[in-house]
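Reading through the structure tokens given below for one structure.
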Amino acid sequence: MLTDHFSELENLRLEKMEQLRQMGIEPYPTRSYKNSNNADAIKAFEAREAAGEPEGLKLTLAGRLRAIRNMGKLSFAHIEDRSGRIQLFMRINELGQEKLDQFVRFFDLGDFIEATGTMVRTKRGEVTLQVEDFRMLSKALYQLPAAKDEVVDGEIVRHAALTDPETRYRQRYVDLAVNPEVREIFRIRTGIIKALREFLDERGFQEVETPILQPIYGGAAAKPFTTYHNQLHQQLFLRVSFELYLKRLLVGGLDRVYEIGRDFRNEGVSFKHNPEFTQLEFYMAYADYNTIMEMTEQMVSQVAQRVLGTMVIEYEGHKINLTPPWNRMQMRQGLIDHAGIDIQEYPTAEGLADIMKARQIPFKPGTPRGKLINTLMETYLEPVMIQPTFLYDYPRDISPLAKAKPEDPNTVERFEGYIGGVELCNAFTELNDPLDQEKRFLELGRAYAEDDEERNPMDEDFLRALAYGMPPAGGFGIGVDRFVMMLTGQHTLREVILFPPLREEDNAAPEAAE
RNA sequence: GGGCGCGUAGCUCAAUGGUAGAGCAGCGGCCUUUUAAGCCGUUGGUUCAGGGUUCGAGCCCCUGCGCGCUCACCA
């Protein structure tokens, strides 16, 4: 039972709750009669003041008790709802001794209260509800972490705020309840996703949903999560990307499609990697990677403008300007400029491996050429791509779904967008030649060892779809969580994911049956 | 998975190997315009868990658990 482990403090609250019930007062009433939120109440009162008629604005407000100051025959309190805080002013004059005592005796920080009264401005100038009646809406049995806000020169200084990351992530509800800036991050997150949708909707894109449980995973070199369907007696994978399904829709005539949803990759966790993450992919027929590049800088900057009201953001100590056009850096030229290596002079993995060994850049033996180039890119190029930069023209062998450049069969029309040295998005001119696609899958199969979990199984149905004819198209994917991280100035994805993954709390539990 | 660091009251934090403390929250009292309200008094601890060293361990050692940073991994 919940109450079995109650502390002294919690038992005290439990007793208060039970006493209320004994007095015939339901501590968890079914309905609330709140008729304004706190911010609107303040606005309405100020409007009446401006009109010279401040008296007589009677409202019923409600929210969580966040501060209480009892002063004998009167009490002040602050309540908080989604719109913000408002002060309650309770006097013995309006309430009488018994009712005021009820507040002092039975109401604690964290409880939800409903108060009816008249809007006034106190002597210190704060717009306040002078309470004529109140009632409990929900009794909190646990106390929220104590935090007090002090206003110093207009800045809010919080004392003893909840900061322990484990508690914050494990009990995100507590974090959200006491840390308004955390609520703000997730308000922005919602705004970003909404703005992304609007951007695509305005351009005639159709939003779709494709399978998360897939018999064959693909579209990215990633290790999948596996699961099992009992009735179908079939192993299924949680998708690692949407790509192969969305391109099937291009075959089906959905010329402009997108999906926003969750991808799952069974890999390491870091400040920029989470096992499940939100991805936006869109595909646009009759477009190529140049079109998509321009669209990307439009999309990212316009979303920032809509949500933050600015295209200039602060990230990891850098002032970053998202205004188009962004920097463009060709992969080969970038490596010549920043690494002094012309990859065209090293057509084999062995040649590149030698020069990397000479420079003491670690890599696993037997790594294919494309992956080595990628390592060079991460070493030399990522750190210089602080301002928004498109890195374009990738090696063919790490881009099995991208179309080769007409003049260079070993290079594909692909770009990644970087901000603050972190990869934000990935796009290419889509490969629509079914026979070439089949060849790429086969090449890829040979490049990976038999037991390499990143080795993608061949998706025969995808090839079948391509064989029916897919229009030339540009495709695009963006890590929405990373985007949110950048726009909110956070250092880690965990701060923009409501419930980040944590190890199980109770390890005393018996081993789960395998 | 490797390395490093951390784990003390509900929260934020103290405590040379020698009686575990403070502020806030809580509880009792005073207080009719407060806002980190104030004043007086006061409760509250499996110091993450288990083992070891020691006359004596929050502190030193070992193991485990959890969290963080970092490396590896990561189109």
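Quick note: numbers below take in every heavy atom, side chains included, and nothing from hydrogens, waters or symmetry partners. Please read these numbers as outputs of a predicted model, since none were measured by experiment.
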Can you tell me, in whole Å, how much space there is between the C1' of B/rC48 and that of B/rC59?
-> 15 Å
Assert yes or no for the condition that the ring centre distance of A/Y217 to A/F237 is strictly below 6.0 Å.
-> yes
Residue A/E166, side-chain heavy atoms: nucleotide from B/rA25, B/rU32, B/rC67 that is nearest = B/rC67
Atom C1', compared across B/rA37 and B/rC24: separation rounded to whole Å | 14 Å
What's the closest nucleotide to the A/R69 side chain, out of B/rU12, B/rU34, B/rC27?
-> B/rU34
B/rU19 and B/rC62: how far apart are their P atoms, nearest whole angstrom?
-> 26 Å
Nearest-Å distance, CD (A/E10) to C1' (B/rC11)?
-> 13 Å
In whole Å, what is the span from the CZ atom of A/R503 to the P atom of B/rG1?
-> 6 Å
Check every strand shown and say whether A/L162 touches a base, only sugar-phosphate, or nothing at a heavy-atom separation below 4.0 Å.
-> sugar-phosphate
Under 30°, 30 to 60°, or over 60°: which ring-plane class applies to A/F134 and A/F107, parallel, tilted or perpendicular?
-> perpendicular
Under a 3.5 Å limit on both distances, the Watson-Crick or wobble mate of B/rC6 is B/rG66
Can you tell me the pairing partner of B/rC73 across any strand shown, Watson-Crick or G-U wobble, with both distances under 3.5 angstrom?
-> none
Tell me what A/S270 touches on the nucleic acid: a base, only sugar-phosphate, or nothing, going by heavy atoms under 4.0 Å.
-> nothing
Please report, rounded to the nearest Å, how far the P atom of B/rU35 is from the CD atom of A/Q87.
-> 10 Å
Choose from B/rC11, B/rU35, B/rU33 the nucleotide whose nearest atom is closest to any side-chain atom of A/A160.
-> B/rC11
Go ahead and name the base partner of B/rG45; Watson-Crick or wobble counts if both distances stay under 3.5 Å, otherwise write none.
-> none
Is a salt bridge present between A/E276 and A/R262, judged by a nitrogen-to-oxygen distance below 4.0 Å?
-> yes
Phosphate OP1/OP2 of B/rA37 contacted by A/K123 side-chain N/O (<4.0 Å) | no
Compare the minimum distances between each of B/rC73, B/rU33, B/rG44 and the side chain of A/K223, then state the nucleotide with the smallest one.
-> B/rC73
For B/rA15, which nucleotide is its Watson-Crick or G-U wobble mate, given both distances must be under 3.5 Å?
-> none
Any donor-acceptor N/O pair, A/R48 side chain to A/E55 backbone, under 3.5 Å | yes
Starting at CZ of A/R494 and ending at C1' of B/rC67, how long is that distance when rounded to a whole Å?
-> 9 Å
B/rG56 versus B/rG3 - spacing of their P atoms, nearest Å = 33 Å
Identify whether any heavy atom of A/P400 sits under 4.0 Å from a base atom; if not, whether one sits that close to sugar-phosphate; answer base, sugar-phosphate or nothing.
-> base
Carboxylate-amine/guanidinium contact A/K403 A/D433, below 4.0 Å = no
From B/rA36, B/rC69, B/rU35, nucleotide with atom closest to A/E150 side chain | B/rA36
Write down the distance between CD1 (A/I79) and C1' (B/rU35), rounded to a whole number of angstrom.
-> 15 Å
Hey, is the side chain of A/N93 pairing donor to acceptor with the base of B/rU32 inside 3.5 Å?
-> yes
Nucleotide nearest A/P165 (side chain, heavy atoms from C-beta), chosen from B/rU32, B/rG66, B/rG68 = B/rG68
Of the candidate nucleotides B/rG26, B/rA75, B/rU34, which contains the atom at the shortest distance from the side chain of A/M71?
-> B/rU34
Any donor-acceptor pair under 3.5 Å linking the side chain of A/D81 with the backbone of A/N38?
-> yes
Answer with base, sugar-phosphate or nothing: what part of the nucleic acid does A/Y142 contact at a heavy-atom distance below 4.0 Å?
-> nothing
Taking the side chain of A/E8 as its heavy atoms from C-beta onward, which of B/rU43, B/rU34, B/rG68 lies nearest to it?
-> B/rU43
Does any donor-acceptor pair link the side chain of A/T122 with the base of B/rU34 at a separation under 3.5 Å?
-> yes
When rounded to the nearest Å, what value does the distance between P atoms of B/rU43 and B/rA22 take?
-> 10 Å
Across the strands shown, which category fits A/N70 at heavy-atom distances under 4.0 angstrom: base, sugar-phosphate, nothing?
-> base
Residue A/L12, side-chain atoms from C-beta onward, closest of B/rG26, B/rU34, B/rU12 = B/rG26
So what's B/rC30 paired with, Watson-Crick or G-U wobble, going by both distances under 3.5 Å?
-> B/rG38
C1' atom, B/rC69 versus B/rG10: distance in rounded Å?
-> 27 Å
For A/F106 and B/rC27, what is the distance between atoms CZ and P respectively, to the nearest whole Å?
-> 12 Å
A/F428 ring center near A/Y289 ring center (under 6.0 Å) = no
A/L401 vs A/R124, nearer the 5' end of RNA chain B by closest nucleotide = A/R124
Under 4.0 angstrom, heavy atoms only, what part of the nucleic acid is A/L109 near: base, sugar-phosphate, or nothing?
-> sugar-phosphate
Taking the six-membered ring for Trp and the full ring for Phe, Tyr or His, determine whether the centres of A/Y142 and A/F6 are under 6.0 Å apart.
-> yes
OP1, OP2 of B/rU12 versus side-chain N and O of A/K148: anything below 4.0 Å?
-> no
Would you classify A/K364 as touching base, sugar-phosphate or nothing, given that sugar-phosphate means primed atoms plus P, OP1 and OP2, and contacts are heavy atoms under 4.0 Å?
-> nothing
Partner of A/S399 under side chain to side chain donor-acceptor pair (under 3.5 Å), picked from A/R414, A/R440, A/E413, is A/R414
Any stacking of A/H159 on B/rG23, going by centres under 5.5 angstrom and planes within less than 30 degrees?
-> no
State which of B/rC11, B/rG68, B/rU33 makes the closest approach to the side chain of A/P145.
-> B/rC11
Pick the P atom in B/rC13 and in B/rU8, then give their distance to the nearest Å.
-> 10 Å
Separation of B/rC67 P from A/Q171 CD (nearest whole Å) = 14 Å
Say you pick atom P in B/rG45 and the same atom in B/rU53; how far apart are they, in whole Å?
-> 29 Å
Checking all strands, does A/R158 fall into the base, sugar-phosphate, or nothing category for heavy-atom contacts under 4.0 angstrom?
-> nothing
note: A/D111, atom CG; B/rG10, atom P; distance rounded to Å ~ 19 Å
